[in-house]
Amino acid sequence: MELRQLRTFEAVARHRTVTDAAVALDLAPSSVSQQIRTLEVALGEALFVRGPKGMGLTAAGRRLRPWARSLLAQAERAVREVRGERRLLRLGALETIAGSHVPQVLARLAERRPDIDVEVHSDRARDGLLSDVTEGRLEAALLLDSGSDLGGLGFPAPAGPLAFLDLDPVPLTLVAAPGHRLAARTELTSADLHGERLLVNVPECSFWMAGDRILGPGPKRVRAGGVPVMRAWAEHGLGITLLPRFAVADGLHSGALVALDLPLPDLSLRLVWREDQEALPGLRDILYAAVAAVPSGEL
């Protein structure tokens with residue numbers, strides 16, 4: 001096996017078509033096909049099968065893929081070590097928390113390991129972050145979740161050896177304009193919200209999922225947009241909205257919003273990584289930097 005063949009194999013497995021893999025690798029499609037055939041001949045196994053959704057992995061291909069990822073990662077690390085280049089860690093984060101939580105992680109890491117560069121990739125979509133971690137494009141990702149299992153908030157967890165650790169609680173607040181009919185009420189229950197306009201983003205949004213779990217089906221979902229839009233609409237009396245406290249703190253302080261008196265559980269700021277990549281140089285450092293308050297024995 002050659003590294004270029006493994007790199008081509010990984011690209012086809014990721015993109016699921018020879019054409020898309022060729023574009024990603026800046027190669028001719030014929031070259032991609034030839035490298036895959038050569039690799040299959042060398043191994044004596046078919047690695048791909050064509051299906052309605054493109055090229056899927058055979059059983060042999062699925063067995064090869066973790067080896068390909070590991071060998072390619074080791075080769076990349078070897079090149080950086082030989083060239084004396086600084087180590088690079090790629091951290092993903094939901095856009096919602098990129099400004100509120102990532103800076104503390106970066107500051108702690110810079111203090112602990114100034115020789116490591118961190119490249120931050122923010123994404124609106126949780127699925128994209130999890131896919132990037134699973135496929136090895138990111139070493140770790142920060143997202144919002146709840147419960148004892150990955151995906152407890154309500155999203156499907158991808159197949160793969162993913163591990164996670166909860167870093168900090170993320171308090172939620174149900175907010176409305178000061179003149180809202182529930183603003184002065186105390187000890188609200190989810191039944192009191194029946195028929196209320198609940199401002200939401202999209203079903204994949206963490207706060208939509210949290211609303212489904214906490215508030216139930218009683219409120220009427222009204223699609224507004226992202227966090228700034230939901231907050232602005234609530235300030236103008238167009239409905240109530242469930243958001244993290246850090247996103248509405250300024251509005252509560254200024255009086256543009258009020259917190260409704262409904263008990264709410266916290267979400268968790270969750271760090272996710274590939275369990276089989278913990279030995280990657282520097283990865284343990286970013287884990288420790290992110291969870292500085294957690295005793296090392298818990299990692």
Practice problem: Could you tell me whether the side chain of Asp145 and the main chain of Gly151 form a donor-acceptor pair under 3.5 Å? | Solution: yes
Self-check item: Least distance between heavy atoms, Pro178 atom then Ala183 atom
Solution: O-CB, 3.4 Å
Quiz item: So do the side chains of Arg7 and Leu72 get within less than 4.5 Å of each other, counting heavy atoms only?
Solution: yes
Practice problem: Locate the shortest heavy-atom distance separating Ala98 from Pro103; write the atom from each residue and the value. | Solution: O-CD, 3.4 Å
Quiz item: If Ile, Leu, Val, Met, Phe, Trp and Tyr residues are connected whenever their side-chain heavy atoms lie under 4.5 Å apart, and connections chain through other members, are Leu238 and Val229 in the same group?
Solution: yes
Quiz item: Are the side chains of Asp261 and Glu187 in touch, meaning some heavy atoms are under 4.5 Å apart?
Solution: yes
Practice problem: Give the cluster check for Val222 versus Val202: same hydrophobic cluster or not, with ILVMFWY residues linked at side-chain heavy-atom distances below 4.5 Å. | Solution: no
Quiz prompt | Pairwise side-chain contact, Phe164 with Glu275, heavy-atom cut-off 4.5 Å (strictly under) | solution = no
Quiz item: Taking the side chain as C-beta and beyond, is there a heavy-atom pair between Leu271 and Leu91 under 4.5 Å?
Solution: yes
Practice problem: Answer whether the closest heavy-atom distance between the side chains of Val227 and Asn201 falls below 4.5 Å. | Solution: no
Practice problem: Look at Arg90 together with Glu119 and state whether they make a salt bridge at an N to O cut-off of under 4.0 Å. | Solution: no
Exercise. State, with a plain yes or no, whether a side-chain heavy atom of Thr96 is found less than 4.5 Å away from one of Leu143.
Key: no
Quiz prompt | Whether Arg231 side chain and Ala247 backbone form a donor-acceptor pair below 3.5 Å | solution = yes
Quiz item: Under 4.5 Å between any side-chain heavy atoms of Leu172 and Leu267, yes or no?
Solution: yes
Practice problem: Could you tell me whether Arg124 atom CZ has more than 12 heavy atoms of other residues or ligands within 6.0 Å of it? | Solution: no
Quiz prompt | Arg185/Asp192 salt bridge by N-O under 4.0 Å criterion | solution = yes
Quiz prompt | Main-chain N/O of Pro219 paired with Arg221 side-chain donor or acceptor, under 3.5 Å | solution = yes
Quiz item: Between Leu215 and Leu174, does a side chain to side chain contact (heavy atoms under 4.5 Å, CB included) hold up when you go through it step by step?
Solution: CA-CA 10 Å; Leu215 307 180; Leu174 186 64; 4.3 Å; yes
Quiz item: Are any side-chain N or O atoms of Ser33 and backbone N or O atoms of Pro29, one a donor and one an acceptor, separated by less than 3.5 Å?
Solution: yes
Quiz item: Can any side-chain N or O of Gln104 pair as donor or acceptor with the backbone N or O of Ser100 at less than 3.5 Å?
Solution: yes
Self-check item: Connected via hydrophobic side-chain network under 4.5 Å: Val32 and Leu3
Solution: yes
Quiz item: Looking at CG of Leu242 and CZ of Arg213, how far apart are the two atoms once the value is rounded to the nearest 0.5 Å?
Solution: 11.0 Å
Practice problem: Please step through side chain to side chain contact (heavy atoms under 4.5 Å, CB included) for the pair Ile97 and Leu269, ending with a clear verdict. | Solution: CA-CA 9 Å; Ile97 57 177; Leu269 176 67; 3.4 Å; yes
Quiz item: What pair of heavy atoms forms the shortest contact from Arg126 to Leu144, and how long is it?
Solution: NE-O, 4.3 Å
Quiz item: If you measure only the distance, is there a donor-acceptor pair under 3.5 Å linking the side chains of Gln34 and Thr38?
Solution: yes
Self-check item: Heavy-atom closest contact (Pro169 atom, Asp266 atom, distance)
Solution: CB-OD2, 3.6 Å
Quiz item: At what distance, to the nearest 0.5 angstrom, does CG of Leu39 lie from CZ of Arg37?
Solution: 12.0 Å
Self-check item: Spacing of Trp208 atom CH2 and Leu199 atom CG [to the nearest 0.5 Å]
Solution: 11.5 Å
Practice problem: Could you go through the salt bridge (charged side-chain N to carboxylate O under 4.0 Å, His left out) check for Glu196 and Arg181 one step at a time? | Solution: CA-CA 10 Å; Glu196 287 292 328; Arg181 70 176 187 89; 2.6 Å; yes
Quiz item: Cationic tip of Arg65 within the cone over Phe9's six-membered ring, i.e. under 6.0 Å and within 45° of the normal?
Solution: no
Exercise. For residues Phe207 and Thr241, determine if any side-chain heavy atom of one lies less than 4.5 Å from a side-chain heavy atom of the other.
Key: no
Quiz item: Got a second to check how far Leu198's CG is from Leu193's CG, nearest 0.5 Å?
Solution: 8.0 Å
Quiz item: For Asp166 and Arg270, which heavy atoms make the closest approach, and how far apart are they?
Solution: OD1-NE, 2.5 Å
Exercise. Looking only at non-hydrogen atoms, find the nearest pair between Gly225 and Met230 and report the distance.
Key: O-CG, 3.5 Å
Quiz item: Out of Cys205, Ser122, Ser206, which one pairs with Leu94 under the side chain to side chain contact (heavy atoms under 4.5 Å, CB included) rule?
Solution: Ser206
Quiz prompt | Joint cluster assignment, Leu27 & Met1, ILVMFWY side-chain distance < 4.5 Å | solution = yes
Quiz item: If only atom types and distance count, is the side chain of Thr58 paired as donor or acceptor with the main-chain N or O of Ala46 below 3.5 Å?
Solution: yes
Quiz prompt | Trace of the side chain to side chain contact (heavy atoms under 4.5 Å, CB included) decision for Val175 with Val258 | solution = CA-CA 5 Å; Val175 296; Val258 295; over 6 Å; no
Quiz prompt | Sidechain-backbone polar pair: His180 side chain, Leu182 backbone, donor-acceptor under 3.5 Å | solution = yes
Practice problem: Begin from the C-alpha positions of Arg274 and Thr134 and carry the test side chain to side chain donor-acceptor pair (under 3.5 Å) through to its verdict. | Solution: CA-CA 7 Å; Arg274 280 183 62 95; Thr134 301; 5.5 Å; no
Exercise. Answer with yes or no whether the hydrophobic clustering places Leu57 together with Val49; edges join I, L, V, M, F, W, Y residues whose side-chain heavy atoms lie under 4.5 Å apart.
Key: no
Practice problem: Starting at OG1 of Thr17, measure out to CZ of Arg50 and round the result to the nearest 0.5 Å. | Solution: 9.0 Å
Quiz item: Can you tell me how far the OG1 atom of Thr173 sits from the CG atom of Leu243, to the nearest 0.5 Å?
Solution: 8.5 Å
Exercise. May I have the step-by-step check of side chain to side chain contact (heavy atoms under 4.5 Å, CB included) for Glu45 and Glu40, ending in yes or no?
Key: CA-CA 5 Å; Glu45 295 283 351; Glu40 290 178 325; over 6 Å; no
